[in-house]
Amino acid sequence: MYYGDKREAKVRIMGKLVEAGWKVYGYSPDQSDFMTDYYHPASWSGIATKNGYVLLIDVSHLSDSGREIRKYNYNNKQAVSNARIEKLTAMMNDEASTENEKASCATLIEKELEKAKVEPSYTVEEIYPTFSHANPRGTTWHIEKDGQIIAKGKGVFSTNTYDWENKEVSSEKQKEIKINAFVERIENVMKKSDALQPVVVKVEKKVIKPVLKEEQIILKDDILSFSYHGHYWMVTDIYTNSKGQNCVVYELLGSEKRGYQRLNGMSVKRYYQPMERLVKGIEEDKVKVYTLQEVTEYQEKTVFKKTARKQTVSNAPAIETTEEVAVKEEEQTEATAEVQTSDNNTVIVKLNEELNGIEIYFSDVPSVEIRDQLKANGFRWSRKGFWYAKQSEKTLSIANSLSGSETTPEATEAINEPVVYPEVDINDLDQYTISDDLQNRLHSASMFQVDYKRDCRVTFESIQNEALEVLSLTNNNRIQYNIKKYLQSFKKRYYEMYLKLLNHRANNPSWAVTGRGGINVRRYNKKQEQYANMLNKSAELMNDFEQRLNKFKDEIGREEQRAFEADLSSVTSILEGTAEFTTETKQLDYMGLKQKVRTYNYNGFTIAKTWGCYRVFKNGKEIDTNLKTTSKLDDAKRFVLYLNHKENTKSL
């Protein structure tokens, strides 16, 4: 984006922030004078404060943190002590001088005064707030308080963009809507942050540090420290020279910031000393021997946690009596129900009377069937870790059936009822076609005749066939419904982009058709760029479609694996313990390699551990078992019992 558009976006946002009660810093109004060809648009540093919070927009450094805006008094006779300062002062006070020239003169005068050891007098007009972070990588704004980032995000510069094809809403109105939404987003962050309070916690951090050895004996890879300088040295070698002396080779070690790592390169300092001299230094307490060890350190860090009650910045929480607190705890207990299901999954149901909502907490991930029932009955998943919905007869019934609570007489076994998914008609390819009028306009705008109706039909038939291929892989109603629902949504979005592309091509014919005479090159290049952007978005849509289908395939594979494991568990739970495996040492020919291994045999099946994991054979051929290198012998036996049961079932 053009830097001027970014500057304009920040100034527009600043105006809305001022209306919302923010105090802004570093704002410079528009000083342009087109009569003198002087261009100086409005700008803003991107710093604002409100209720102790600091908002930073497009701030990439900390130079403005706590900065003072000073106004120097250069009329002091003591300051004007030489001809250079006098000339600079005259230029700075000249009305014809620009703002940049005046600022440069002030800087030069200050340097001259520093040389003369004369401190100029000044008054502080404004002090910027202190902040500890620039915008994190990948973001364009963040809010911090007491040195801790409360919230961050993007979307600053998109407020100065608009949809040029939207003829119903003007560009200025579109920008205003985006700016209002952005400022509302900031205000919502502030409201949610009102319930936060700073808490100092100790954070555990493991670091590598030199630790003094109990026995001051020099060995290889030890660390030496000398009293006459503060560096650490690593012992890299101990050898015997030609005179029979033991010598020690040590190199300069990196600092704590580098994690005490060895330095590489030809310029690394390396020294040789006799062991006898170093031992003498140890005895005189001039040399100390360390070892590098992992040490646990604890650092204090300020984090923000939610308070027990909701509060606002402007209104402090009222002091409650002991009786009131007891009543609130009792009410909370009555609105909460907890039960443990058969699969050791604890279910907690809470009634949020303030929002007229109901919340369901699971200690473990619920089964797919339960999740389907929750979704089908209006529950949604919250990132805070629970399922929620508005209170109604149906949602309360579902919650009661899960928790076993009897808070309402309408509690039923609704959760055990099968989910009924609505039918989705995907045989609607006749809706995705090109009109004759658009076809004729495209032919008039191009030198080549293309059957766009056929191209559209082939494109959407290909999309439909890919989805049908994935549908054929599963009989799960939930997955089939999700695939069909996504397919219809994608066809609609892709058709809109497809029509937009063709209309753009029809409305902007190539210069090869219109001729070069009178062509507006700037407009032509702009339209070409817009067309290229549409092509990229169309390609991105198709890539997203392929990725989504692959996710559905992975989900089908996981469902099949879960179904297989459930079937395996149900079969082997009955047969396990009743079957007897015989052991025998056999010569096994596997992958062209003959070896003697211990085998476990049952009804023609053979289990042997070879090539790193247990494998199952029958009639000399390996059976695909999906056993891993971490699988145990009991896993292989259960699989054999499962296969034997399936064979017996088929024979019946």
Side-chain angles (χ1 to χ4, degrees), residues 1-22 24 26-35 37-48 55-59 135 138-141 153-189 438 441 445 492-511 514 518-541:
M1 179 181 266
Y2 176 56
Y3 74 93
D5 294 335
K6 293 183 178 180
R7 178 182 58 222
E8 183 181 352
K10 291 171 63 177
V11 172
R12 286 172 175 267
I13 292 173
M14 184 217 66
K16 292 295 181 182
L17 290 174
V18 171
E19 294 177 4
W22 289 79
V24 298
Y27 170 64
S28 175
D30 190 358
Q31 304 174 27
S32 301
D33 187 357
F34 295 102
M35 296 297 293
D37 198 20
Y38 177 65
Y39 181 64
H40 190 286
S43 61
W44 177 47
S45 65
I47 303 173
L55 170 64
L56 302 169
I57 295 178
D58 192 30
V59 176
N135 292 146
T139 65
T140 53
W141 68 270
K154 299 186 291 185
V156 172
F157 304 126
S158 63
T159 59
N160 201 29
T161 60
Y162 65 95
D163 184 6
W164 59 272
E165 291 188 345
N166 190 347
K167 306 300 182 183
E168 299 179 357
V169 184
S170 64
S171 60
E172 291 299 322
K173 185 64 176 177
Q174 293 183 46
K175 292 179 181 179
E176 183 181 357
I177 293 173
K178 290 185 178 181
I179 291 174
N180 290 335
F182 178 80
V183 174
E184 185 179 354
R185 179 182 176 189
I186 298 296
E187 289 295 313
N188 288 335
V189 170
L438 180 57
R441 287 168 54 209
K492 182 179 179 181
R493 288 182 285 117
Y494 192 79
Y495 183 61
E496 291 176 356
M497 179 58 66
Y498 191 82
L499 289 181
K500 188 180 290 187
L501 270 169
L502 296 184
N503 278 292
H504 187 280
R505 185 183 297 178
N507 295 334
N508 302 280
S510 170
W511 62 265
T514 61
I519 186 173
N520 187 334
V521 178
R522 183 178 179 182
R523 180 185 181 280
Y524 180 80
N525 291 336
K526 182 179 180 180
K527 295 300 180 181
Q528 290 295 105
E529 184 178 354
Q530 291 172 356
Y531 185 71
N533 292 335
M534 292 180 188
L535 284 176
N536 290 335
K537 291 181 180 178
S538 178
E540 290 175 0
L541 280 175

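Index from 1, following the sequence.
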- line: All heavy atoms of Phe157 vs all of Thr140, minimum pair found to be CE1-CG2, 4.0 Å
- prompt: Taking NZ, NE, NH1 and NH2 as the nitrogens, is one of them in Arg12 or Glu172 under 4.0 Å from a carboxylate oxygen of the other?
  reply: yes
message: Between Phe182 and Leu17, is there a side-chain heavy-atom distance shorter than 4.5 Å?
response: no
- request: Return the minimal non-hydrogen interatomic distance between Ala506 and Ala445, and the atom names on each side.
  value: O-CB, 3.8 Å
Rounded distance [0.5 Å steps], CD1 in Ile179 versus OG in Ser158: 10.0 Å
field: Atom pair CE (Met534) and CG (Leu501), whose distance is rounded to the nearest 0.5 Å
entry: 6.5 Å
Intermediate values then yes/no, side chain to side chain contact (heavy atoms under 4.5 Å, CB included), Val18 and Tyr27: CA-CA 11 Å; Val18 171; Tyr27 170 64; over 6 Å; no
- prompt: Looking only at heavy atoms, which two atoms of Ala48 and Val24 are closest? And how far apart?
  reply: CB-CG1, 4.1 Å
message: Could you check whether any side-chain heavy atom of Glu19 comes within less than 4.5 Å of a side-chain heavy atom of Val183, counting everything from C-beta outward?
response: no
Sequence-distant partners of Asn503, side chain to side chain contact (heavy atoms under 4.5 Å, CB included), two or more places apart: Leu438, Arg441, Leu499, Asn507
message: When you compare the side chains of Lys500 and Ser538, does any donor N or O come within less than 3.5 Å of an acceptor on the partner?
response: no
query: To the nearest 0.5 Å, what is the distance between CE (Met497) and CD (Glu540)?
result: 9.0 Å
- prompt: Do NZ/NE/NH1/NH2 and the carboxylate oxygens of Asp58 and Lys6 come within less than 4.0 Å?
  reply: no
task: Would you check if Trp22 and Leu55 make a side-chain contact, meaning some heavy-atom pair closer than 4.5 Å?
output: yes
- prompt: Nearest 0.5 Å, what's the CZ-CG distance between Arg7 and Asn160?
  reply: 11.0 Å
- request: For Thr139 and Gly153, work out which heavy atoms get closest and say how close.
  value: CB-O, 3.3 Å
message: Suppose we screen for side chain to side chain donor-acceptor pair (under 3.5 Å). Which residues come up paired with Arg522, at least two apart in sequence or across chains?
response: none
message: Are there over 12 heavy-atom neighbours, none belonging to Tyr531, within less than 6.0 Å of that residue's OH?
response: yes
field: Ser32 side, atom OG; Tyr38 side, atom OH - distance, nearest 0.5 Å
entry: 7.5 Å
query: Do Gln31 side-chain atoms and Pro41 backbone N/O form a donor-acceptor pair below 3.5 Å?
result: no
- prompt: For the residue pair Trp164 and His504, does the interplanar ring angle fall in the parallel (under 30°), tilted (30 to 60°) or perpendicular (over 60°) class?
  reply: perpendicular
All side chain to side chain donor-acceptor pair (under 3.5 Å) counterparts of Asp163, not counting sequence neighbours: none
task: Determine the sole option in Glu184, Glu176, Lys178 for which the side-chain contact (heavy atoms from CB on, under 4.5 Å) test with Asn180 is passed.
output: Glu176
For Ile177, side chain to side chain contact (heavy atoms under 4.5 Å, CB included) partners two or more places apart: Lys173
- prompt: Does the side chain of Lys526 reach to within under 4.5 Å of the side chain of Gln530, using non-hydrogen atoms?
  reply: yes
- prompt: How about Trp141 and Ile13: do any of their side-chain heavy atoms sit closer than 4.5 Å?
  reply: no
Partner set under side chain to side chain donor-acceptor pair (under 3.5 Å) for Ser43, not counting sequence neighbours: none
message: Restricting to side chain to side chain donor-acceptor pair (under 3.5 Å), what partner residues turn up for Asn508, sequence neighbours left out?
response: Arg523
message: Working to the nearest 0.5 angstrom, can you tell me the gap between Leu541 CG and Glu496 CD?
response: 10.0 Å
task: Please answer whether the main-chain N or O of Leu56 pairs with a side-chain N or O of Asn135 as donor and acceptor at a distance below 3.5 Å.
output: yes
query: Tyr524 versus Gln528: any side-chain heavy-atom pair under 4.5 Å?
result: yes
